[in-house]
Amino acid sequence: MINIFQPCLGVEELARIDDVLRSNWIGKGNATLEFEKEFGKSLGTESKYFTSTTCCTEGLFLATELFHIGVGDEVIVPSCSFVAVGSAVVASGAELVLCDVDPRSMNVRVDDIEKCISPRTKAVVVTHYGGVPCDMDSILDLCTTRHITVIEDSACAVRSFYKGKACGTLGQMGVWSFDAMKTICTGDGGMLFLETTDLVDEAKEALYLGLPNKQTSGMDSSGSGKGNWWEYQVTRPGRRAIMNNIAGSIGLAQMKKLPAFLARRRAIHERYHHELADLEWVSLPPSIPANCESSYYFYWLESGKRDALAVYLREQGIYTTFRYWPLHRVDYFRTRAKGYSFGSLPGADSASDHMLNIPLHQSLTDDEVTRIIDLVRLFPG
Ligand SMILES: *Cc1c(COP(=O)(O)O)cnc(C)c1O
């Protein structure tokens, strides 16, 4: 089976893990801190605005805490969002307000958001679909004027840039994922960007037992400090959702490979785009907007024959899927979504009925890409 997504890990990661195991410091420490630094650097943003965590979902739940989102508030979420976005909003006690997306790009448009704003709107969570940036100038303008917090789900968008600025660093908070299906993989893991260092400090405390930051900086140096070192204070109730050095060291090895990963993804993307362009029964994704750089996380086809195409490709050993099944088609979220009525999200509905994500990852060989293209071309329909 040709996978649709696949991690790309090897001897470089093993060598770094070896170092960590020999160091006897497996928990969060230098490898993790260095990974945070490298990640920030590759986004052209100072690393003091970043902190790592166990997964992106953790960051989405944390967002509702950091921005005091709760009962009486509303959060606008494009319906084609990752499931955890819906869960984080519902769990906070805030009302989930589902908005539409562009049926071709799957990105939320400023008008989609504007239609859903009420005096209670506290935040919006945008997803840069497949690594293609949303039109952030218009969205940020609107949200700044209306005092709405912008959280960027950038799980698809590692090193995507909008007008030279990294996706995930444009709003008040950005979250990334390093799970097994993402561009870089640390086993599981996540990264957070926050607009201010005060928020970063709060995030670190919430993610590490509520212990004050000062107490936990320099984690590798056990035994330092003064007095009775077993005494402690907490600033807030905290969870334990920090990245460990095993994951951090894998992340460091992945960061070195990231430019090559992105170049490979781009090449595959371009092959699909050129070699499927003449097919009349299928539409290809819109081109990347000017002034933007994509991470080339997804490639997709749009067709009235989507369901049959998916079955045919699977029978031929090629796995496909559709991301992200809209929250308004998930009973749990639909029944809780404020203001949703049948047919009110035509863009998301159209995409969900016609779109199919096809394999795109850096480990695909040229022969595999050729095979996928040939099979799509030969689809008897
Ligand atoms: C994978 C993904 C997440 C969740 O990431 P985890 O690290 O698995 O929690 C969130 N949003 C999007 C868009 C994703 O693709």
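Indexing begins at 1, ligand by ligand and atom by atom, following the structure's order. Owing to the predicted nature of the structure, the values given are computational and were not obtained by experimental measurement.
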**OP:** Please work out whether the ring planes of Phe5 and Phe298 are parallel, tilted or perpendicular, with thresholds of 30° and 60°.
**Re:** tilted

Original post:
Considering only heavy atoms, does Lys182 approach ligand 1 within less than 4.0 Å through its side chain, its backbone, both, or neither?
Top reply: side chain

**OP:** Classify the ring geometry between Phe82 and Tyr324 as parallel (under 30°), tilted (30 to 60°) or perpendicular (over 60°).
**Re:** perpendicular

**OP:** Please state which part of Thr57 comes within less than 4.0 Å of ligand 1, counting heavy atoms only: side chain, backbone, both or neither.
**Re:** both

Original post:
Can you check whether Ser352's main-chain N or O pairs, donor with acceptor, with Arg306's side chain at less than 3.5 Å?
Top reply: yes

**OP:** Report yes if Cys56 has an N/O atom closer than 3.5 Å to an N/O atom of ligand 1; otherwise report no.
**Re:** yes

Original post:
Using the benzene-type ring in the case of Trp, are the ring centres of Phe178 and Phe39 under 6.0 Å apart?
Top reply: yes

Original post:
What residue and heavy atom of the protein are closest to atom 8 (O) of ligand 1, and at what distance?
Top reply: Asp179 OD2, 2.7 Å

Original post:
What about the rings of Phe379 and Trp281, do their centers lie closer together than 6.0 Å?
Top reply: yes

Original post:
For atom 4 (C) of ligand 1, which protein heavy atom lies nearest, and how many Å away is it?
Top reply: Phe82 CE2, 3.3 Å

**OP:** Output the list of atoms in ligand 1 that are nearer than 4.0 Å to some heavy atom of Asp153, sorted by atom number.
**Re:** 10 (C), 11 (N), 12 (C), 13 (C)

Subject >> For Glu293, salt bridge (Lys or Arg N to Asp or Glu O under 4.0 Å) partners two or more places apart >> reply: none

**OP:** Name the orientation class of the two ring planes belonging to His273 and Tyr299 (parallel below 30°, tilted from 30 to 60°, perpendicular beyond 60°).
**Re:** perpendicular

**OP:** May I ask whether Ser81 places a heavy atom under 4.0 Å from ligand 1?
**Re:** no

Subject >> Which residue and heavy atom of the protein sit nearest atom 15 (O) of ligand 1, plus the separation >> reply: Tyr324 OH, 2.6 Å

Original post:
Hey, is ligand 1 close enough to Ser177 that some N/O pair sits below 3.5 Å?
Top reply: yes

Original post:
How does Cys55 reach ligand 1, by side chain, by backbone, by both or by neither, if only non-hydrogen atoms under 4.0 Å count?
Top reply: both

Original post:
Looking at Gly189, which atoms of ligand 1 are within less than 4.0 Å of one of its heavy atoms?
Top reply: 7 (O)

Subject >> Arg329 CZ: over 12 foreign heavy atoms closer than 6.0 Å >> reply: yes

